[in-house]
Amino acid sequence: MSAFPTPKLIGGAITSAAIAANIAKRTTSECLALLEAGGIWHARINDYSDVVVDPQVIHNKSFQVVKGATGAPITLVSHPVCYDGEVPEIRLPPQPLGAQTEEILKELGYDAQQLKDLYDKRAVGSVTSLHAKEL
């Protein structure tokens with residue numbers, strides 16, 4: 001007899017309720033051992049503290065710690081693709097909301113007076129702007 005009960009078929013689909021009820025009676029280690037013994041492909045589901053120390057995650061360089069906008073270190077998910085065997089570095093940490101508003105508007109051709117008008121009307125805001133104090 002199998003360690004797991006034979007699932008019932010309903011309309012061609014395996015009922016997950018029978019499997020879930022059986023799994024609920026076991027520890028994760030017991031389930032992993034049974035799946036391994038049965039030759040069933042499987043992997044433990046990691047929580048956040050487990051995933052950062054997972055050997056494959058470390059090998060893939062899936063996370064990078066960078067200095068955040070406030071100077072404190074933050075952990076970010078790396079670029080998903082390697083180029084020439086290397087994971088691209090994170091060049092710019094996430095910025096505070098509105099940090100690049102003025103820079104972007106200037107690149108789009110807005111002059112100083114147009115920017116002032118937008119800030120005065122509260123149509124835009126920027127944490128780096130002198131007008132931010134007024135917002």
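Only heavy atoms go into these numbers, but all of them, side chains included; no hydrogens, no water, no symmetry mates. Numbering of residues begins at 1 and proceeds along the displayed sequence.
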Just wondering, do [Y] and [X] contact through their side chains at under 4.5 Å, heavy atoms?
| X | Y | result |
| --- | --- | --- |
| Ile58 | Phe63 | no |
| Leu118 | Leu105 | yes |
| Arg26 | Leu34 | yes |
| Asp54 | Arg44 | no |

What's the separation between atom CG in Asp50 and atom CD1 in Ile45, rounded to the nearest 0.5 Å?
11.5 Å
Pairwise distance CG(Asn22) to SG(Cys31) - rounded to 0.5 angstrom:
7.5 Å
If you take all heavy atoms of Tyr119 and Val124, which pair is closest and at what distance?
CD2-O, 3.6 Å
Which atom of Thr101 lies closest to which atom of Gly125, heavy atoms considered:
OG1-O, 3.1 Å
Side chains of residues 69-79: which donor-acceptor pairs under 3.5 Å do they make with residues two or more places apart or in other chains?
unit_1: Ser78; atom_1: OG; unit_2: Lys61; atom_2: O; d: 2.7
unit_1: Ser78; atom_1: OG; unit_2: Ser62; atom_2: O; d: 3.4
unit_1: Ser78; atom_1: OG; unit_2: Gln64; atom_2: NE2; d: 3.2
unit_1: His79; atom_1: ND1; unit_2: Val81; atom_2: N; d: 3.1
unit_1: His79; atom_1: ND1; unit_2: Val81; atom_2: O; d: 3.3

Hydrophobic cluster of Tyr48, others only, ordered by chain and residue number, side-chain cut-off 4.5 Å
none
Other hydrophobic cluster members with Val87, side-chain heavy atoms of Ile/Leu/Val/Met/Phe/Trp/Tyr under 4.5 Å, chained?
none
Side chain to side chain donor-acceptor pair (under 3.5 Å) partners of Ser49, counting only residues at least two apart
Asp47
Identify, with sequence neighbours excluded, every residue that meets side chain to side chain donor-acceptor pair (under 3.5 Å) alongside Glu86.
none
Which residues share a salt bridge (charged side-chain N to carboxylate O under 4.0 Å, His left out) with Lys106, sequence neighbours left out
Glu102
Counting neighbours of CD on Glu36 that are heavy atoms of other residues, nucleotides or ligands and sit closer than 6.0 Å, is the number greater than 12?
no
Indicate yes or no for a side-chain donor-acceptor contact from His59 to the backbone of Val57 under 3.5 Å, with no hydrogens or angles considered.
no
Decide side chain to side chain contact (heavy atoms under 4.5 Å, CB included) for Leu92 and Gln100; before the verdict, give the C-alpha distance in whole Å, the side-chain angles of both, and the deciding distance to 0.1 Å.
CA-CA 12 Å; Leu92 184 66; Gln100 296 167 318; 3.6 Å; yes
